[in-house]
Amino acid sequence: MHNQTIAELAKGLQAGEFSSQELTTAHLARIKQHSGLNCFITVTEVEALAQAKIADQLISDGKAGPLTGIPLAHKDIFCTQGIKTSCGSKMLDNFQAPYNATVIERFNQAGAVTLGKLNMDEFAMGSSNETSFFGPVKNPWDHSAVPGGSSGGSACAVAARLAVGATGTDTGGSIRQPAAFCGITGLKPTYGRVSRYGMIAFASSLDQGGPMTRTVEDAALMLQTMAGFDSRDSTSVDKPVPDYSTGLNDSLAGLKIGLPKEFFGDNLNTQMAQVVEEAIAEYTRLGAEVVEVSMPNINLSIPAYYIIAPAECSANLSRFDGVRYGHRCEAPEDLNDLYIRSRGEGFGSEVKRRILIGTYALSTGYYDAYYLQAQKIRRLISDDFKKVLSEVDVLMGPVTPTPAFGLGEKTGDPIEMYLSDMYTIAVNLAGLPALSIPAGFVDQKPVGLQIIGNYFDEARLLNVAHRFQQETDWHQQAPAGIE
Ligand code: GLN
């Protein structure tokens, strides 16, 4: 059962071939069996079985939707009522959210089952899942490699068939990069498409939740539930949600694909480039037209992001003060001691580094030199995208410069770590939708193809990606020991 997709399982459930309780029990057993991968921070066995029971009732009453009874798991950044929501941090190790994130609420209403909460980089800051307080996650394809981050637990759980689908969040690549490293499909929607209410904030102008699944067809089903206006999120966009499944098979004849030449420079490992080029050749066979485009400012994405994201995080994380909730130090001497020790003990070193950089960049005298400059660059990058996306329908390129790197390989060098997001970050700065689909292997490790679209053009992205999965079987491969 665990090798089936959401779409296939939904049919099986509705035809009465198995129950959601059986499906959920099977997945809970797999989670135990593969606990060495360290994907889950919390497994909600009792709640999952209770949800499955309700789902079975809905199915037998003929009230089931496409996600009813499907076992999913959520990145531990989404608030779940009465269930630990740690955000991968010691700071929130003792935190049980008093309410559900909108995304969680919507999955509950759709009758989906939540298996538990997934491991992640602390406060979503990282590219390898190694900044998690709960320890690193292993890449199911190679246990000595990282799964990517920050949604590393999500990508690993889906690739290892421990959950049929998962949620992730993407501030600078955290859905697409781990999806690429683990050989699954990951979609980062347009900024404002999916509610951020109850999604613990890292960099509010960049954060966006999205689905991580084995197939594009499943991503469409999950996005259908996640997307839509939410009055509780002031940046949520009030725009109708199209049906993401109907156009999946539309013809790609005449599709115009732009290849940003900056994505194919010296940084890209030659074998990676070959995989991406072969994937693009598949599109030519499907009738698409490929042109080279240029985005001259895109190489400034990493420096701009590493001012803007830390600036926003330094403001967002000021709420974790040991007073309201989260970790509090023992026997504080006075208020200052309480703040200093609670934050000093609760946050890990990457989070502290970002808070320091962000506070510095926002301080008087430096604001104009750093933060304002970074915002100007952000505009130039958005304008680059605007120009090329007025000439082509979608952009394609690599997701990462290399396949999954080794555990511990980059932890000593933050800049090296930051560079692994060099092809994903610009999309967040511009607020565009993009996805990663499996496109091949290098050194027996999965490689992703990135497809970037125009604002709110998720349906087209899904169509373009789905057609590729109809022609290839990269997305159907399973890591050894997982089948
Ligand atoms: N790796 C990037 C960072 O560390 C992006 C993280 C993310 O998308 N949440 O900030």
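Both backbone and side-chain heavy atoms feed into the values below; hydrogens, waters and symmetry mates do not. All ligand and atom numbering here is 1-based and tracks the order in the structure.
- Among all non-hydrogen protein atoms, the one lying nearest atom 10 (O) of ligand 1 is Tyr305 OH, 2.6 Å.
- Taking any N or O of Gly149, backbone or side chain, none lies under 3.5 Å from an N or O belonging to ligand 1.
- Each of Tyr306, Tyr371, Tyr366 was compared with Tyr360 under the ring pair (Phe, Tyr, Trp, His ring centres under 6.0 Å) criterion, and only Tyr366 meets it.
- For an aromatic pair to be called close, the ring centres must be under 6.0 Å apart, and Phe385 with Tyr455 fails this.
- With a 4.0 Å heavy-atom cut-off, ligand 1 is reached by the side chain of Ser150 but not by its N, CA, C or O.
- Residue Tyr306 has at least one heavy-atom neighbour below 4.0 Å for each of these atoms of ligand 1: 2 (C), 3 (C), 4 (O), 10 (O).
- Residue nearest to atom 4 (O) of ligand 1, selected from Arg354, Lys75, Glu350, Gln177: Arg354 (by heavy-atom distance).
- Atoms of ligand 1 lying under 4.0 Å from any heavy atom of Gly173, numbered from 1 in the order shown and given with element: 8 (O).
- Any N or O atom pair closer than 3.5 Å counts here, and Thr169 shares no such pair with ligand 1.
- For atom 1 (N) of ligand 1, the choice among Ile302, Asp170, Asp421, Ile425 with the nearest heavy atom turns out to be Asp421.
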Checklist entry - Under the side-chain contact (heavy atoms from CB on, under 4.5 Å) criterion, do His475 and Arg214 qualify, and how do the steps go? => result CA-CA 6 Å; His475 60 291; Arg214 292 213 305 280; 6.0 Å; no
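- Against a heavy-atom cut-off of under 4.0 Å, Gly126 is close to the following atoms of ligand 1: 1 (N), 2 (C), 3 (C), 4 (O), 6 (C).
- By the criterion of a heavy-atom distance under 4.0 Å, neither the backbone nor the side chain of Phe123 is placed next to ligand 1.
- Residues Ala110 and Thr225 come closest through the heavy atom pair CB-CG2, 4.1 Å.
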Item to check | Intermediate values then yes/no, side-chain hydrogen bond (donor to acceptor under 3.5 Å, both in side chains), Ser205 and Glu312 | outcome: CA-CA 8 Å; Ser205 75; Glu312 293 186 19; 2.6 Å; yes
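- Between Phe202 and ligand 1, not a single N/O pair is under 3.5 Å apart.
- Residue Ala124 has at least one heavy-atom neighbour below 4.0 Å for each of these atoms of ligand 1: 6 (C), 7 (C), 9 (N).
- Outside the 6.0 Å centre-distance limit, the rings of Phe95 and Phe320 are not counted as a close aromatic pair.
- When only modelled atom types and interatomic distance are considered, Asp170 and Gln177 share no side-chain donor-acceptor pair under 3.5 Å.
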Next on the checklist: If you apply the rule salt bridge (charged side-chain N to carboxylate O under 4.0 Å, His left out), what do you find for Arg232 with Asp230, and how did you get there?
Outcome noted: CA-CA 5 Å; Arg232 289 176 298 185; Asp230 179 7; 3.6 Å; yes
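- Checked by atom type, the side-chain pair Thr85/Lys117 shows a donor-acceptor distance below 3.5 Å.
- Of the protein's non-hydrogen atoms, the one nearest atom 7 (C) of ligand 1 is Ser174 OG, 2.4 Å.
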